[in-house]
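Only one structure is covered here, and it is reproduced in the block below.
Indexing begins at 1, ligand by ligand and atom by atom, following the structure's order. These numbers were taken from a predicted model, which means no experiment stands behind them.
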Amino acid sequence: MPTLIEPGRTSRNIDPCVLVIFGATGDLTARKLAPAIYNLGKDGSLPPNFALLGFARREKSHEQFRQEMHAAVQQFSRTKPIDEPFWNHFQNQIFYHQSEFDDDAGYEKLAQQLRELDNQFATRGNRIFYLSVQPKFFPIIVSKLKQHGLLSDPKSPSWSRVIIEKPFGRDAASAATLQAQLSKDLDESQTYRIDHYLGKETVQNVLVFRFANSIFESLWNYKHIDHVQITMAEDIGIGSRGNFFEEEGILRDIVQNHIMQLLTLVAMEPPVNLSADAIRDEKVKVLQSVRPLSNYVRGQYGAGFVNGTAVPGYRQEPNVSPTSPIETYFAARLFVDNWRWAGVPFYLRCGKRLPKRATEIAITFKDAPGVLFQQRDKHNPPNVLVLRIQPNEGIALRINCKTPGPSSPIQPVKMDFRYGSYFGQSPPEAYERLIWDCMLGDNTLFARNDEVAQSWQIFTPVLEKWAAEVPKAFPNYEAGTWGPEEAEKLITQDGRAWRLL
Ligand SMILES: NC(=O)c1ccc[n+]([C@@H]2O[C@H](COP(=O)([O-])OP(=O)(O)OC[C@H]3O[C@@H](n4cnc5c(N)ncnc54)[C@H](OP(=O)(O)O)[C@@H]3O)[C@@H](O)[C@H]2O)c1
């Protein structure tokens, strides 16, 4: 079994396969999946024996579907312009299948079409089914695939893997129900739950940074770390996603999955090896150690100015109720009650329509003994290590230095590593890595069932409390500001401050 960071992983290790995308005419396929598959192919990372089959409801020919995929790649690929000679060859491996998700006759035809593709491309019955569909369709698709003999036994030489898009459930109970439905037909080893944050290079680098550098690990605990801040800020609003966001809110959309993934990677113990289960075992232990939340804040943006442009409030966005109680901001103080992190607060914050787009993990170390130099003033602040996830991907360490000359002896300076300037190229898109890993049979970067369940355990009481108390003060922060006043208090009451980004 290949592992997360294994030298020598190449497309030569990948079995031939057919990738079937359910929801192949949707937004996610156009914006993310089609460009990811194109770039994998162009980089030589797809197996030589490969076919792509789009599954959706509308009638169209293979040729029409190929043209739509071409247009999507042209618009959304990270590499431009499109490599036409490659595309002209590659498009012959792309096909379309029209059916409703619950139509037995459609699955019979799908089975027939897959047999033909196996013959044509020597794909040996290996299949990835990517469910890029609304979550209500996950159980029916999986059960129909099983019923029509399209999900192989996990032990059989031909493999079947199912990628499941987020969200996986809306709370602890609905996630458990969904899991119970899926596990009737699908083994955990065949289940690949997407959290696209895990496909980001900078997120994977948190593990490398921690466990491939000996200097930090000895400091990575309550003795040396004062607190940790995880920020996921967006300057954009809801845009055209009003319908979706009204059902979700930021806690479900971002905190329960992406932020908690970052938290587990920062807080986990070293795994016994780099296998998927060893890593995920340690992540689950972190989630099990999280103390029930008692200190948290929700917010919703009103009208304001972002980067000098006037923008509407959340309740004025399209498809949003004018009295919506949905949160667009969340902040919390969280404790991981284990030996390593006893008493160390983790401050989380994320929001829409904040002044800028930035995702980072900041680790603030404890003050040096204030015997020689007075600590915590602006000239001599504590050391901070910042892992920048996006944009300007990199790592920075703030240290205090003597300034040249006889006066003002100390000044904070920054040691800064930037991926872009060092490696000279932008990292691949998360979806490229995740599709590639699924082809390799490596589910390290996908959320395991117990991870998802445990994370819902942490946030379900919050969601229940909110559902019982309509927020009276919404909107409670202006677009273009760093969130509601209460979020300031949440951290200043501890004698600390949010980082200025
Ligand atoms: N879009 C994003 O940025 C994004 C980001 C993260 C996660 N996701 C997740 O990804 C999934 C897909 O999102 P999306 O935005 O791509 O959805 P979408 O644009 O609404 O696309 C839905 C797709 O499903 C097909 N479909 C719907 N009902 C069907 C039925 N009864 N039978 C057969 N096909 C049917 C549609 O086919 P027709 O076009 O032929 O009707 C279309 O291809 C969702 O789980 C979403 O939460 C999306």
Side-chain angles (χ1 to χ4, degrees), residues 19-37 52-62 64-65 67-69 71-72 75-76 94-110 113 128-145 148 162-170 174-175 178 181-182 191-200 232 234 236-259 261 319 352 429-432 434-435 438 445-447 452:
L19 170 57
V20 183
I21 300 180
F22 287 78
T25 53
D27 176 67
L28 186 69
T29 302
R31 286 194 309 106
K32 297 292 181 186
L33 307 186
I37 295 159
L52 174 66
L53 179 61
F55 184 128
R57 183 169 38 188
R58 276 173 278 174
E59 274 296 348
K60 62 186 77 198
S61 64
H62 299 314
Q64 272 171 312
F65 182 59
Q67 281 168 12
E68 285 175 16
M69 294 287 277
Q75 188 175 357
F76 296 112
I94 300 177
F95 301 87
Y96 182 72
H97 174 77
Q98 182 279 325
S99 172
E100 290 280 337
F101 291 147
D102 58 357
D103 179 11
D104 283 310
Y107 285 83
E108 281 304 313
K109 274 198 241 148
L110 175 67
Q113 198 164 359
I128 295 176
F129 299 105
Y130 195 126
L131 309 194
S132 178
V133 302
Q134 280 182 35
K136 67 178 179 190
F137 293 121
F138 296 158
I140 185 75
I141 295 174
V142 169
S143 94
K144 291 288 176 202
L145 288 173
H148 291 273
V162 179
I163 302 182
I164 297 180
E165 258 302 330
K166 70 165 214 177
F168 197 93
R170 307 196 73 248
S174 58
L178 174 58
Q181 289 166 326
L182 296 179
T191 312
Y192 290 70
R193 293 177 200 78
I194 285 262
D195 182 324
H196 74 267
Y197 250 73
L198 287 174
K200 289 183 187 291
M232 211 174 274
E234 286 181 358
I236 54 171
I238 294 307
S240 58
R241 296 175 78 218
N243 281 333
F244 165 80
F245 209 77
E246 281 285 272
E247 294 294 315
E248 290 285 294
I250 208 157
L251 193 126
R252 288 188 171 99
D253 190 33
I254 289 180
V255 181
Q256 180 271 341
N257 37 52
H258 305 327
I259 289 208
Q261 286 293 345
N319 301 318
K352 304 268 181 204
E429 278 275 335
Y431 281 91
E432 290 172 45
L434 295 172
I435 292 170
C438 182
L445 299 179
F446 295 82
V452 176

- [ ] Over 60° means perpendicular and under 30° means parallel, so classify the ring planes of Y96 and F65, tilted if in between.
- [x] tilted
Task: Heavy-atom protein neighbour under 4.0 angstrom from atom 20 (O) of ligand 1 - done: no
Open item on the list: I want to check a possible cation-pi pair here: K200 against Y197, using under 6.0 Å from ring centre and within 45° of the ring axis as the test.
Closed with: yes
Task: NZ (K60) with more than 12 external heavy atoms under 6.0 Å - done: yes
- [ ] Could you see which bit of H196 sits under 4.0 Å from ligand 1, with heavy atoms only: side chain, backbone, both or neither?
- [x] neither
Task: Nearest-contact summary for atom 8 (N) of ligand 1 - protein heavy atom, Å - done: E165 OE1, 3.8 Å
TODO: Under the side-chain contact (heavy atoms from CB on, under 4.5 Å) rule, collect the residues that match up with D27, sequence neighbours excluded.
DONE: R31
- [ ] Have a look at ligand 1 and work out which part of R57, if any, has a heavy atom under 4.0 Å from it: side chain, backbone, both or neither.
- [x] both
Task: Residue, atom name and distance, where the atom is the protein heavy atom closest to atom 9 (C) of ligand 1 - done: K166 O, 3.5 Å
- [ ] Identify whether the distance between the nearest side-chain nitrogen and carboxylate oxygen of K144 and D104 falls below 4.0 Å.
- [x] yes
- [ ] Distance to 0.1 Å, residue and atom name: give those for the protein heavy atom nearest to atom 29 (C) of ligand 1.
- [x] F101 CE1, 3.3 Å
Open item on the list: I'd like to check the ring pair (Phe, Tyr, Trp, His ring centres under 6.0 Å) partners of F95; sequence neighbours left out, ordered by chain and number.
Closed with: H62, F121
- [ ] Please state whether R241 comes within less than 4.0 angstrom of ligand 1, counting heavy atoms only.
- [x] no
Task: Any F22 heavy atom less than 4.0 Å from ligand 1 - done: no
- [ ] Say whether P167 and ligand 1 are in contact under the criterion: heavy-atom distance to a ligand atom below 4.0 Å.
- [x] yes
